[in-house]
Student: 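A single structure is presented below for examination.
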There are 2 protein chains.
Amino acid sequence: MKLTELKAIQLAELFSALSDASRVRIIALLLDGEMGVGALAEKLNMTESAVSHQLRGLRQMRFVRARKDGRQVFYRLDDDHVEKLYRMGLEHVEHG
Amino acid sequence: MKLTELKAIQLAELFSALSDASRVRIIALLLDGEMGVGALAEKLNMTESAVSHQLRGLRQMRFVRARKDGRQVFYRLDDDHVEKLYRMGLEHVEHG
DNA sequence: TGAATATCTGAGCAAGTGTTCATATATTAC
DNA sequence: GTAATATATGAACACTTGCTCAGATATTCA
């Protein structure tokens, strides 16, 4: 399988986005629909700052998308690729 | 989507295995069949030591499997889940 | 306007990661 | 046995990462 160095780096970056338990849990919550930063923080038992930092990374990777409503910012998954990756990983973990 | 903390960690570990360009390139090479450490090192332009260190991680994650023949050790992908993850990631990178 | 709320941001730091280098182990050939 | 080859391993080090903390920005409400 031929693979350019650039694509290897892009692939690594893609998987890096899911290589942290906090981010995985954020994705898992967003699978059920959009959620604000505060609600995420409460569910995850993390500070809002920590969640916001992680969301920034996920946003830059185009894993999540933000929608602002008043002073709240609601996040949701950007496309269904993320969900596919997540489900395939879960399958591997559960009966691999 | 309910997700236990344990599974979040396991998922993160799974994706961590693919979160480095060197490992991604190793996987890409092994998609074409088994290969020895020296051959991998040459193709990847890495030291054999560095490759060996990475292979250990991939082995512990059950991503690759080793077969010893004389003084050479041939590595191959352990199952097809890895390939599926890889291809799905590539798809996302190429037309995401 | 000012206070309260929701989120974002930058600095700092402890912990983790990937490499190199030197050395150890294992196997083959002599 | 010794020498040569192939891989593995541990320590050290630079670099990255994810958090906390303090403070900035943006929006709503009185």
Side-chain angles (χ1 to χ4, degrees), chain A residues 3 5 8-30 33-76 78, chain B residues 3 5 8-30 33-76 78:
Chain A
L3 182 72
E5 175 63 16
I9 292 172
Q10 291 176 325
L11 264 176
E13 283 174 351
L14 173 74
F15 289 116
S16 293
L18 289 167
S19 70
D20 173 78
S22 297
R23 284 192 296 273
V24 167
R25 294 172 71 215
I26 288 174
I27 300 292
L29 285 171
L30 295 184
E34 69 176 14
M35 217 179 284
V37 179
L40 281 169
E42 195 188 346
K43 280 268 189 187
L44 296 167
N45 202 32
M46 289 171 65
T47 67
E48 294 175 5
S49 176
V51 172
S52 183
H53 275 296
Q54 294 293 15
L55 285 170
R56 168 147 77 153
L58 290 170
R59 216 168 48 219
Q60 285 172 345
M61 291 297 299
R62 305 248 190 286
F63 267 50
V64 302
R65 176 185 296 250
R67 173 180 72 86
K68 199 164 184 180
D69 180 17
R71 54 193 138 184
Q72 286 194 86
V73 178
F74 292 96
Y75 282 85
R76 62 184 165 88
D78 195 334
Chain B
L3 181 73
E5 176 62 15
I9 292 171
Q10 291 176 325
L11 263 176
E13 283 174 350
L14 173 72
F15 289 117
S16 293
L18 290 167
S19 71
D20 172 78
S22 298
R23 286 191 295 275
V24 167
R25 294 172 71 213
I26 288 173
I27 300 293
L29 285 171
L30 295 184
E34 70 177 12
M35 218 180 284
V37 179
L40 282 168
E42 195 189 344
K43 281 269 190 187
L44 296 167
N45 202 31
M46 290 170 65
T47 68
E48 294 175 5
S49 176
V51 173
S52 182
H53 275 296
Q54 294 293 13
L55 285 169
R56 169 146 78 150
L58 290 170
R59 217 169 47 220
Q60 286 172 345
M61 290 298 298
R62 304 248 191 285
F63 266 51
V64 302
R65 176 185 296 251
R67 173 180 72 84
K68 198 165 184 180
D69 181 16
R71 55 193 137 183
Q72 287 195 85
V73 178
F74 293 95
Y75 283 85
R76 62 185 165 87
D78 195 334

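Chain letters run A, B, ... following the sequence lines, proteins first and then strands; every chain starts at 1. Just so we're clear, the structure is a prediction, and the values are computed from it rather than from any experiment.
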Student: Given C:dT9, C:dT20, D:dA8, identify the nucleotide with an atom nearest to the side chain of B:Val37.
Tutor: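 Selected nucleotide: D:dA8.
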
Student: Check the phosphate of D:dA6 against B:Tyr75, side-chain N and O only, distance under 4.0 Å to OP1 or OP2. Yes or no?
Tutor: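 For D:dA6, OP1/OP2 do not have a side-chain N/O of B:Tyr75 under 4.0 Å.
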
Student: D:dT16 P sits how many Å from A:Ile9 CD1, rounded?
Tutor: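 Roughly 13 Å, once rounded to whole Å.
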
Student: With respect to the phosphate group of D:dC19, does any side-chain polar atom (N or O) of A:Ser22 fall under 4.0 Å of OP1 or OP2?
Tutor: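 Result: yes.
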
Student: Using whole Å, report how far NZ of A:Lys68 lies from C1' of C:dA6.
Tutor: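 Spelled out: NZ on A:Lys68 to C1' on C:dA6 is 9 Å.
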
Student: Does C:dT7 have OP1 or OP2 under 4.0 Å away from a side-chain N or O of A:Arg56?
Tutor: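 Indeed not, no polar side-chain atom of A:Arg56 lies that close.
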
Student: Mind checking the CD1-CZ spacing from B:Ile9 to A:Arg25? Nearest 0.5 Å is all I need.
Tutor: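 Separation between the atoms: 8.5 Å.
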
Student: Using only side-chain N and O atoms of A:Arg23, determine if any of them is under 4.0 Å from OP1 or OP2 of D:dT17.
Tutor: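 No, no such contact exists.
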
Student: Rounded to the Å, how far apart are B:Arg25 CZ and C:dG18 P?
Tutor: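 Taking atom P of C:dG18 as the reference, CZ of B:Arg25 is at 15 Å.
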
Student: Do B:His53 and the base of D:dT9 stack face to face, with centres under 5.5 Å apart and an angle between planes under 30°?
Tutor: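 Check passed, B:His53 stacks on base of D:dT9.
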
Student: What's the spacing between A:Leu55 CG and A:Glu48 CD if we round to 0.5 Å?
Tutor: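 Going from the CG atom of A:Leu55 to the CD atom of A:Glu48 covers 11.0 Å.
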
Student: What's the CZ-C1' distance between B:Arg67 and C:dT27, to the nearest Å?
Tutor: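 For the pair B:Arg67 CZ and C:dT27 C1', the rounded distance is 15 Å.
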
Student: Please give, in whole Å, the distance from D:dC19 C1' to A:Leu44 CG?
Tutor: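 After rounding, the reported distance stands at 14 Å.
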
Student: Expressed as a whole number of angstroms, how long is the span from A:Met46:CE to C:dA6:C1'?
Tutor: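 The distance from CE of A:Met46 to C1' of C:dA6 comes to 17 Å, rounded to the nearest Å.
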
Student: Within this structure, what is the CD-to-P distance between B:Glu48 and C:dA26, rounded to whole angstrom?
Tutor: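 Value for this atom pair: 18 Å.
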
Student: Measure from the side-chain heavy atoms of A:Arg71 and tell me the nearest of C:dT19, D:dT7, D:dC29.
Tutor: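 Closest nucleotide to the A:Arg71 side chain: D:dC29.
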
Student: With sequence neighbours left out, what residues match B:Arg76 under side chain to side chain donor-acceptor pair (under 3.5 Å)?
Tutor: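 Side chain to side chain donor-acceptor pair (under 3.5 Å) list for B:Arg76, sorted by chain: empty.
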
Student: On DNA chain D, does the nearest nucleotide to A:Asp69 precede the nearest nucleotide to A:Gln54 from the 5' side, or the other way round? Give the residue.
Tutor: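 Taking each residue's closest nucleotide, the earlier one in sequence belongs to A:Gln54.
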
Student: A:Ser52 has a side chain; which of D:dT27, C:dT7, C:dG18 sits nearest to it?
Tutor: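 For A:Ser52, the side-chain atoms sit closest to C:dT7.
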
Student: Would you say A:Tyr75 and A:Arg59 are linked by a side-chain donor-acceptor pair, where the criterion is simply a distance under 3.5 Å?
Tutor: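 Yes, side-chain donor-acceptor contact under 3.5 Å.
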
Student: If I take atom NE2 from residue B:His53 and atom CZ from residue B:Arg23, how far apart are they, to the nearest 0.5 angstrom?
Tutor: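 B:His53 NE2 to B:Arg23 CZ: 13.0 Å, rounded to 0.5 Å.
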
Student: Find which nucleotide of DNA chain C each of B:Ser49 and A:Gly38 is nearest to by heavy atoms, and output the residue with the more 5' nucleotide.
Tutor: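 The 5'-side residue here is A:Gly38.
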
Student: Separation of A:Gln72 atom CD from D:dC29 atom P, in whole Å?
Tutor: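 So the two atoms are 12 Å apart, to the nearest Å.
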
